[in-house]
Amino acid sequence: MNSHLVFIPFSGISHLRSAVEMAKLLVEQDDRLSVTVIILPFLFGDEADSSAYVATLSTAPNDRLRYEIISGGDQQDAEPTWIDIHVENQKRKVRNAVAKLESSTLAGFVVDMFCTSMIDVANELGVPTYLFYTSNSGALALAFHLQHMYDVEKYDVSELDLDNSEAELAVPFLSRPYPVKCLPRLFASRQWLPILVNQSRRFREMKGIMVNTVVELEPYVLESLSSGGVDTPPVYPVGPLLHLENQVDHSKDEKQSEILAWLEEQPAKSVVFLCFGNLGGFSEEQVREIAVALERSGHRFLWSLRRPSPDVMKERPGEYTNLEEILPEGFFDRTKERGKVIGRAPQVAVLEKQAIGGFVTHCGWNSMLESFWFGVPTAAWPLYAEQKFNAFEMVEELGLAVEIKRYWRGDIVAGAAADLVMAEEIERGIKRLMEEDSEVRKRVKEMSEKCHVALTDGGSSRIALQKFIQDVKKNIV
């Protein structure tokens with residue numbers, strides 16, 4: 001009998017792409033499995049990236065992979081709501097969309113970490129719910145641990161002074177104490193903490209959790225999760241799931257094509273690439289410090305630079321209109337032979353170039369996975385969400401990255417003011433990143449090979465995916 005899964009991803013571009021790649025992989029792996037991806041209305045009025053991506057999904061028709069787009073109505077004119085309220089408001093529309101499907105083959109829901117309230121709809125229909133966790137298993141385990149502290153030990157993380165505390169937490173799945181300073185800022189936000197704690201409570205209701213990671217990358221964390229007790233669902237490490245298709249539209253952006261051509265001309269592993277995700281932007285003062293560091297480092301560079309948004313919940317970072325007014329006087333003249341400054345970058349297309357020797361990143365999980373896939377070592381500069389944890393895990397636990405800043409005070413999502421990172425710290429991090437025979441570079445190369453093997457037949461992630469498919473069919477009522 002055919003089995004039908006309903007995917008409900010969050011509509012942010014990084015979550016949406018990962019979910020679609022997961023859905024594609026499932027239907028490729030089992031020809032008796034079909035998937036409908038329900039695309040929720042965008043939460044932000046300017047989600048141009050997600051809109052453009054959704055428009056491409058119907059160009060590759062597959063009768064076992066369909067997309068159901070839920071209209072937002074007058075959402076674009078409405079004030080942004082908190083994520084949990086926004087998703088809660090879509091329940092009726094999701095219920096109606098699922099009612100159109102062939103109910104006899106419905107095997108369950110697969111929901112995003114921000115869409116856990118859709119468990120209620122699945123329960124009404126009498127089908128199980130699974131979680132697709134777009135970040136790593138360490139961040140998942142940390143969320144479980146903090147929720148346990150909050151609920152059982154009555155420890156209110158929001159009361160902590162993250163910026164100045166010298167306290168450390170004994171976290172079960174980490175080999176060393178975890179500094180309170182490295183907790184994601186959202187866990188100390190009175191607005192976000194209740195949302196995140198409730199998320200983790202609902203994670204425990206899932207039949208299983210697919211995680212975009214690799215056994216070989218986080219073995220200790222995954223072992224800890226699998227022995228976490230009866231209320232921790234089975235975890236399936238199925239990554240790395242990457243959107244590797246060409247991101248360059250040559251007809252619209254000649255600048256990006258020129259940059260890729262320039263990279264082709266540079267020596268192997270000679271260019272440091274700086275790029276900070278969809279939400280990453282820096283103040284003029286911070287931009288000048290980065291510029292000084294790049295110039296002093298002596299390395300070739302490609303720098304994706306964007307101005308910060310006054311409120312990323314309402315508006316995405318934009319482009320600086322006149323870089324010469326912001327960068328140090330004469331910077332372009334002095335570095336024109338070895339460096340390029342651009343706006344948005346086609347990150348995957350850049351990372352796959354042989355010229356890239358290092359990647360200064362905000363530690364978004366998709367970016368970390370892409371760096372492993374292409375064997376490019378990273379320098380950690382976390383900016384928001386779970387990125388402080390990602391940086392700690394990669395630098396301190398696994399030795400797979402170097403650091404730019406050990407303790408980062410800011411968080412652009414939580415609205416916390418950022419530290420100014422001085423040129424000396426940035427230069428030091430870049431020089432360590434670009435060392436030719438460093439241990440980090442060797443480890444990243446080894447991890448790259450393991451990530452590739454994990455996705456082959458008989459590899460760890462393929463085995464986990466097959467186990468997930470078997471369990472889905474076993475759980476059909």
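Everything numeric in this text was worked out from a predicted model, so none of it was measured.
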Below 4.5 Å, heavy atoms only, C-beta onward: do Met206 and Thr116 meet side chain to side chain?
yes

Give the C-alpha distance, both sets of side-chain angles, the deciding distance and a yes or no for side chain to side chain contact (heavy atoms under 4.5 Å, CB included) between Phe301 and Val341.
CA-CA 8 Å; Phe301 64 87; Val341 182; 4.1 Å; yes

So does Leu294 get a backbone contact from the side chain of Ser297, meaning a donor-acceptor N/O pair under 3.5 Å?
yes

Quick check against the 3.5 Å criterion: does Ser448 have a side-chain atom that pairs as donor or acceptor with the backbone of Phe372?
yes

Ignoring hydrogens, what is the shortest heavy-atom contact between Val444 and Gly375? Give both atom names and the distance.
CG1-C, 3.7 Å

Is the closest basic N to carboxylate O distance between Arg441 and Asp437 below 4.0 Å?
no

First locate atom CG of Leu142, then atom CZ of Phe389, and finally report the distance between them rounded to the nearest 0.5 Å.
5.5 Å

Using the ring pair (Phe, Tyr, Trp, His ring centres under 6.0 Å) definition, which of the options Phe109, Phe203, Phe468 pairs with Tyr130?
Phe468

Give the ring-plane orientation class for Phe132 versus Phe7, where under 30° counts as parallel, over 60° as perpendicular and anything between as tilted.
tilted

Quick check against the 3.5 Å criterion: does Ser189 have a side-chain atom that pairs as donor or acceptor with the backbone of Arg185?
no

Under 4.5 Å between any side-chain heavy atoms of Asp471 and Lys207, yes or no?
no

Lys/Arg N to Asp/Glu carboxylate O, Glu427 vs Lys431, below 4.0 Å
yes

Side chain to side chain contact (heavy atoms under 4.5 Å, CB included) between Leu140 and Thr213, worked out
CA-CA 11 Å; Leu140 173 65; Thr213 192; over 6 Å; no

Going through the distances and angles, do Phe374 and Val350 end up as a side chain to side chain contact (heavy atoms under 4.5 Å, CB included)?
CA-CA 10 Å; Phe374 294 112; Val350 169; over 6 Å; no

Taking all heavy atoms of Arg462 and all of Asp457, pick out the closest pair and write down the distance.
CG-N, 4.4 Å

Going by atom types alone, do Glu205 and Thr129 pair a side-chain donor with an acceptor below 3.5 Å?
no

Atom CD of Gln29 with >12 non-hydrogen neighbours under 6.0 angstrom
yes

Which heavy atom of Val292 sits nearest to which heavy atom of Ala423, and what is that distance?
CG1-CB, 3.8 Å

Smallest separation among heavy atoms of Ser460 and Glu216, with atom names
OG-OE1, 2.9 Å

Nearest heavy-atom neighbours spanning Ile195 and Gln191:
CD1-O, 3.7 Å

Please check if the side chain of Glu289 supplies one atom and the backbone of Glu285 the other of a donor-acceptor pair under 3.5 Å.
no

Before accepting this row, confirm whether a basic side-chain N of the pair Arg428/Glu425 lies closer than 4.0 Å to the acidic partner's carboxylate O.
no

Below 30° counts as parallel, above 60° as perpendicular, anything between as tilted: where do the rings of His15 and Phe114 land?
tilted

Would you call the rings of Trp381 and Phe276 parallel, tilted or perpendicular if under 30° counts as parallel and over 60° as perpendicular?
perpendicular

Take Glu424 and Arg296 through the test side chain to side chain contact (heavy atoms under 4.5 Å, CB included) and record every step on the way to the result.
CA-CA 9 Å; Glu424 292 77 11; Arg296 287 179 184 169; 3.5 Å; yes

Backbone of Trp373 reached by a side-chain donor or acceptor of His452 within 3.5 Å:
yes

Can you tell me if Glu21 uses its side chain to pair, donor with acceptor, with the backbone of Ser18 under 3.5 Å?
no

Just by modelled atom types, is the Leu174 backbone N or O under 3.5 Å from a matching donor or acceptor in the Glu397 side chain?
no

Heavy-atom check, side chain of Lys450 versus side chain of Leu217, under 4.5 Å
no

In this structure, CG of Leu40 is separated from CG of Leu16 (nearest 0.5 Å) by 9.5 Å

Between Ser304 and Leu274 (side chain of the first, backbone of the second, donor and acceptor by atom type, cut-off under 3.5 Å), is there such a pair?
no

Rounded to the nearest 0.5 Å, the CG atom of Leu33 sits from the CG atom of Leu25 at a distance of 10.5 Å

Phe392 and side chain to side chain contact (heavy atoms under 4.5 Å, CB included): which partner among Lys388, Met394, Glu396?
Glu396

N-O pairing of Arg344 and Glu319 below 4.0 Å:
no

Within this structure, what is the CE-SG distance for the pair Met368 and Cys363, rounded to the nearest 0.5 Å?
5.0 Å

d(Asn212 CG, Ser137 OG) to nearest 0.5 Å is 10.5 Å

Heavy atoms, side chains only, cut-off 4.5 Å: are Val197 and Met149 in contact?
no

Okay, side chain of Gln90, backbone of His86: is any donor-acceptor separation there less than 3.5 Å?
yes

Examine distances only and state if a side-chain atom of Arg17 and a backbone atom of His243 form a donor-acceptor pair shorter than 3.5 Å.
no

Taking the basic N atoms (NZ, or NE/NH1/NH2) and the acidic carboxylate oxygens, is any pair closer than 4.0 Å for Lys181 and Glu166?
yes

Does atom NZ of Lys353 have more than 12 heavy-atom neighbours from other groups under 6.0 Å away?
yes

Under 4.0 Å between a Lys/Arg side-chain N and an Asp/Glu carboxylate O for Lys269 and Glu436?
no

Please state whether the rings of His145 and His148 are parallel, tilted or perpendicular, taking 30° and 60° as the class boundaries.
parallel

Should Val221 and Glu393 count as side-chain neighbours, where that means a heavy-atom distance under 4.5 Å?
yes

Minimum side-chain heavy-atom gap Leu131-Arg202 below 4.5 Å:
no

Here the gap from Leu433 atom CG to Phe273 atom CZ, rounded to the nearest 0.5 Å, amounts to 12.5 Å

Measuring only between side-chain heavy atoms, which start at C-beta, is Leu225 closer than 4.5 Å to Val211?
no

Can you name the nearest heavy-atom pair linking Gly280 to Leu383, along with the distance?
CA-CD1, 3.8 Å

Sub-4.5 Å side-chain heavy-atom contact between Phe187 and Leu196
yes

Surrounding CZ of Arg338 (heavy atoms of other residues, nucleotides or ligands, distance under 6.0 Å), is the total greater than 12?
yes

